[in-house]
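Note on naming: letters A, B, ... go to the chains in the order of the sequence lines (proteins, then strands), and numbering restarts at 1 for each one.
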2 protein chains.
Amino acid sequence: MVTLSDVAKEANVSKMTVSRVINHPEQVTKELRSLVEKAMKTLHYSPNSAARALAKNRTNVVKFIILENIDTTEPYYMNLLFGITQGLNRHQYALQLLTSVDEITKGNADGYIITGARSSDSEWLDKLDKPFVLFGENRYGYDYVDTDNKIGEQIATQYALNKNYQSIIFIGINEKEAFEYSREAGYINTLQSHNKVPKIFRLPNHSHSAQHFIDEHWKEFAHNTCFICASDRLATGVVRAIIAKGGEIPKDFGVIGFDGIFLDQVSHPKLTTVKQPIIKLGELLSDMLLQKISQSGAQQGELLIEPTLIKRDTTRN
Amino acid sequence: MVTLSDVAKEANVSKMTVSRVINHPEQVTKELRSLVEKAMKTLHYSPNSAARALAKNRTNVVKFIILENIDTTEPYYMNLLFGITQGLNRHQYALQLLTSVDEITKGNADGYIITGARSSDSEWLDKLDKPFVLFGENRYGYDYVDTDNKIGEQIATQYALNKNYQSIIFIGINEKEAFEYSREAGYINTLQSHNKVPKIFRLPNHSHSAQHFIDEHWKEFAHNTCFICASDRLATGVVRAIIAKGGEIPKDFGVIGFDGIFLDQVSHPKLTTVKQPIIKLGELLSDMLLQKISQSGAQQGELLIEPTLIKRDTTRN
DNA sequence: TTGTAAGCGTTATCAC
DNA sequence: GTGATAACGCTTACAA
C-alpha cells in the first residue's frame, strides 16, 4: 500500500505538504503542488480513508433510512439508492441502509439521508445529533430534495388539455402529506387557469384500489375523460379498469401516471407518465448531505427538480 | 465520544483487556470480562470503526458490483441489497455500490460481492486482488450463493403435474448460463421421471418477447397446457398473450413464474411463482464474504438455498 | 492471564 | 508557505 509518506519522499517534500495538496491546495505553491501531483500519479496513490476518517473524527459512512414499507416501493428506491451511492462514491463515502429507526444508533455515521418521513416523524428527527437531509418535500423547514411535484402535474394537466380531453379528473393518494398537496395544486392551478372545475378523488396508493374505484364509478365517467394520477401504481389500476370495461385508450380515455420507475414500462399499454429524475435526485441528496456535513450542519434549504412528461400510449398523440 | 480508554478506566483494567473482551473474549477471565462488559454498557460504548479499520489494515467497506443492466432488474436487486446490508450492518461494515467494473479500483474495500457475472467475466475476476463472492451459480469454482434453481423448477413442474395439466412446456431464457441450465434440468428431470417428453423454448428475458412468442404459436398449444417459465417477466408476457387470445387461466392454461419479486404481485391475475428468498440470499452473501475476508481469502464453496412455490391464480387450485 | 509500547495513515497545531 | 510533532482510537507484538 502506498501512503502519504511514500508520496512525500518521491516528491521530496514533507507529509504535510502532500496532505495540503489534497485538502487545501490553495495553501501550496504551484511548483510544489504540481510536483506532488505528479508523484501521486506515478505512485498511484489513493488515500486511506480509515486513517483520514480517524484523524478527522469522521466515519466516512452515511446512513440511508427508508421509513416506508419496502415491499411496495422497491423499484423506486433502487434508482434512488443508485444515485445516492454515485454521489457518495465520488467522495469516498460508503453507505449503510436501514429500514427501521431503531438501528440508527447502532454504529456510527456522519449523517443521514431519510426517505418516507411523515409529519409524525418530526418528533425524533428533531433529536438527531448528526446532520440529515430528507428525500421528499416537507413543510417543517428540514432540508430536502424532491421532484417539483406541482410543476409535474401542471405539465401533465396542460398536456391533457392540449390533447382535447374534455373532462380532466385527478386520482390522488389519500395521504395528508406535502407531496400530495403539491401535486394536487399543480392540477388545480392549471385547470382553473382554463376556467375548468377540478375534480379530485383520493385513494390508497395501490393499483387495485384504483381499479376498484373506476369500476364502481364507471357510469360517472363520460367518454373523452383524462385521468391524471398521482402515481403509476394508481394509473396502472385505472388503465386496467378502463380496459376491463371496454373503454378505448387513448381515444376515449386518457391516463397519465406519475413516477416513471419500472411500473410504467411493464404496464400495457405503455403508460404516459411524469417521470421523476430519481437517480439525479439521489445524487443531489448525497451532495447536499456531504456539503452539510462539511459545513458542520449548516442549513441547506430545499431543492426541487423539474420532472419530464414521457408521452406514450395512454394519451392521444 | 466514549473510547476504549474510557471503558478501561471505568472497569479498572488496561485498554488491551477491553480490546480482548471485544475481539478474543476467550482470552479473558470471566470476572474481568463481565466487569468490562458492564462498563461498556453503562458508558454506551461503541467501537470506532475507523480506528479499528486503520489498526487492522482494513477498510470496513465492501463493494457490491452489479454487472447487469439495472433498468431491467431493479426490483430484484433492491431486495438483494437489503439482505446484503443487513448482513454487513451486523459487522459494522458499510457498502459501496458499483455498476461498472471500471470503478472497482477507485477507493478501497476489503472485498467484493458480484452479481450478474457471465462466463466471459472470469478474465478479470481472476485478477482481483481482494476476496470476492458471486451471487449466482457458476461452474468455474468461484464461491457463490444462489437459489437452488434446479429444485425450484422441479417443484414447479411437479406441481403442474399434480394439477393434471396434460402438456407441460418450459419457457426458458436464451442465455448459456449455469442458472438457466439448472432450471431446465429441474424441469427435464421431473418430466422424464413421469415418462413425459420435455419441450423447451428459449427467449430473451422480456415480457413482450414471451407475449409475442405465445401469440405467434398459439395454435400449437392445446388446452390443458401449463407453461413453466424461467422468470416472472416471461410468465407475465405468457399470461398476457393467453388472455388476449381468450384462453382461460387457470382452467385451460396454467402459468408458473420464477423469482417472486414485485412483478408477480403487480401482475393480474396474480402469478403462481417460484419465490427466491432474495433477502436471505443477500444476508448469506455478506456472511460468506465477511467470513472469507476474516479467513484471508479461504475458499468458501457454494451455497444453494431452496425456493418455495407460491400458489396463486395462474394455476388450478 | 494481563499490561506496556509501538504503530496503523492521516490531519491539526504550532513553529519556522 | 512549509515542516516537525502530536494526536485520532484501536490492535499487534512482546514483556511481565
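Side-chain N or O atoms of Lys275(B) include one that pairs as donor or acceptor with a backbone N or O of Gly260(B) at under 3.5 Å.
For Thr3(B) and dG9(D), the shortest distance from a side-chain N or O to OP1 or OP2 is not below 4.0 Å. Listed pair Ser19(B) / dT11(D) meets the phosphate criterion, a side-chain N or O lying under 4.0 Å from OP1 or OP2. Contact between the side-chain N/O atoms of Arg52(B) and the OP1/OP2 oxygens of dG9(D) is not found at any separation under 4.0 Å. When the side-chain nitrogen and oxygen atoms of Thr17(A) are compared with OP1 and OP2 of dG3(D), one or more of them lie within a distance under 4.0 Å. Taking side-chain N and O atoms only, Ser49(A) has no distance below 4.0 Å to OP1 or OP2 of dT10(C).
One atom, CE of Met40(A), and another, C1' of dT10(C), lie 14 Å apart when rounded to the nearest Å. Across the protein-nucleic acid pair, Lys9(B) atom NZ and dG9(D) atom P stand 11 Å apart, rounded to whole Å. Put simply, CG on Asn23(A) is 16 Å from C1' on dT2(D), counting in whole angstrom units. Leu35(A) has its CG atom 11 Å from the P atom of dG3(D), to the nearest Å. Straight-line distance from the CZ atom of Arg58(A) to the P atom of dG9(D): 14 Å, rounded to whole Å. The distance from atom NE2 of His24(A) to atom C1' of dT11(C) is 8 Å, rounded to the nearest whole Å. Rounded to an integer number of Å, the gap from CD of Gln27(A) to P of dT11(C) is 12 Å. The CG-P distance, from Asn57(A) to dA12(C), rounds to 11 Å in whole Å.
Aromatic ring centroids of Phe132(A) and Tyr142(A) lie under 6.0 Å apart. The aromatic ring centres of Phe262(B) and Phe262(A) sit less than 6.0 Å apart.
You'll find that the side chain of Ala55(A) is closest to dT11(C), out of dC8(C), dT11(C), dC10(D). Of all nucleotides listed (dC10(D), dG3(C), dT2(D)), dG3(C) comes nearest to the side chain of Met16(B). Taking every side-chain heavy atom of Val13(B) into account, dG3(C) is the closest of dG3(C), dG9(D), dT11(C). For Lys56(B), taking side-chain heavy atoms from C-beta onward, the closest of the listed nucleotides dT10(C), dT11(D), dC10(D) is dT11(D). In the set dT2(D), dT2(C), dG9(C), the nucleotide with an atom closest to the side chain of Val28(B) is dT2(C). Among dC10(D), dT4(C), dT2(D), the nucleotide with an atom closest to any side-chain atom of Tyr45(B) is dC10(D).
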- Task: Would you check, one step at a time, whether the test salt bridge (charged side-chain N to carboxylate O under 4.0 Å, His left out) holds for Arg139(B) with Glu137(B)?
- Result: CA-CA 7 Å; Arg139(B) 297 178 181 177; Glu137(B) 300 187 40; 3.6 Å; yes
- Using the side chain to side chain donor-acceptor pair (under 3.5 Å) rule, take Thr59(A) and Asn108(A) through it: C-alpha gap first, then chi angles, then the decisive distance, then the call. CA-CA 7 Å; Thr59(A) 64; Asn108(A) 318 99; over 6 Å; no
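Using a 4.5 Å heavy-atom threshold, the side chains of Met40(B) and Val21(B) count as touching. Using a 4.5 Å heavy-atom threshold, the side chains of Leu88(A) and Leu290(A) count as touching.
Mapping Leu32(B) and Ala51(B) onto DNA chain C by nearest heavy atom places Leu32(B) at the nucleotide closer to the 5' end.
Between Thr147(A) and Leu304(A), the shortest heavy-atom distance links the atoms O-CD2, 3.4 Å.
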Identify all pairs in which a protein N or O lies below 3.5 Å from an N or O of nucleotides 14-16 of chain D, and state each distance.
none

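If you check distances only, the side chain of Lys15(A) does reach the base of dT10(C) with a donor-acceptor pair under 3.5 Å.
The residue Asn48(A) sits close only to the backbone: its heavy atoms come under 4.0 Å of sugar-phosphate atoms, none of a base.
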